[in-house]
Amino acid sequence: MREGEIHSPKDAAQANSDLRELFFLDLIDAGVWLARRGMINVSLPMRDAEFDKLCAAVEEFVSVRKPLLVKH
């Protein structure tokens, strides 16, 4: 988690590396490949099923890991 708005890759790089690693591992577990640094690429040949899978995996991460994402 990083406080404040993200305006550049440098800003995003300052985020919690443990949380970024957890995001990477949770999405891999859901069958979605992304770069370990958190970058996700989409491709024109992707169909609705692939986009739905990606969205569902991110939604699941946010739902399950919400206590780690919310500032206390």
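Residue numbers run from 1 in the order of the sequence given. All values reported here derive from a predicted model rather than from experimental measurement.
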| query | Do the side chains of Leu25 and Val64 join up, straight or via other hydrophobic residues, at under 4.5 Å, putting them in one cluster? | reply | no
| Do Trp33 and Val42 share a hydrophobic cluster, counting only Ile, Leu, Val, Met, Phe, Trp and Tyr and linking them when any side-chain heavy atoms are less than 4.5 Å apart? | yes
| What pairs meet the ring pair (Phe, Tyr, Trp, His ring centres under 6.0 Å) rule with one or both residues in residues 39-59, with sequence neighbours excluded? | none
| message | Suppose we screen for side-chain contact (heavy atoms from CB on, under 4.5 Å). Which residues come up paired with Ala49, at least two apart in sequence or across chains? | response | none
| side-chain contact (heavy atoms from CB on, under 4.5 Å) partners for Leu34, two or more places apart | Phe23, Phe24, Leu27, Ile40
| message | Strictly by salt bridge (Lys or Arg N to Asp or Glu O under 4.0 Å), give each pair with a member in residues 43-53 just once, sequence neighbours left out. | response | none
| Which residues satisfy the side chain to side chain donor-acceptor pair (under 3.5 Å) test with Asp26, sequence neighbours excluded? | Arg65
| remark: Sorted by chain and number, sequence neighbours left out, side-chain contact (heavy atoms from CB on, under 4.5 Å) with Ser43 holds for Pro45, Met46
| query | Which distance, rounded to the nearest 0.5 Å, do you find between the CG of Leu22 and the OG of Ser17? | reply | 11.5 Å
| request: Test side-chain contact (heavy atoms from CB on, under 4.5 Å) on Phe61 and Val32 and set out the steps. | output: CA-CA 12 Å; Phe61 175 81; Val32 176; over 6 Å; no
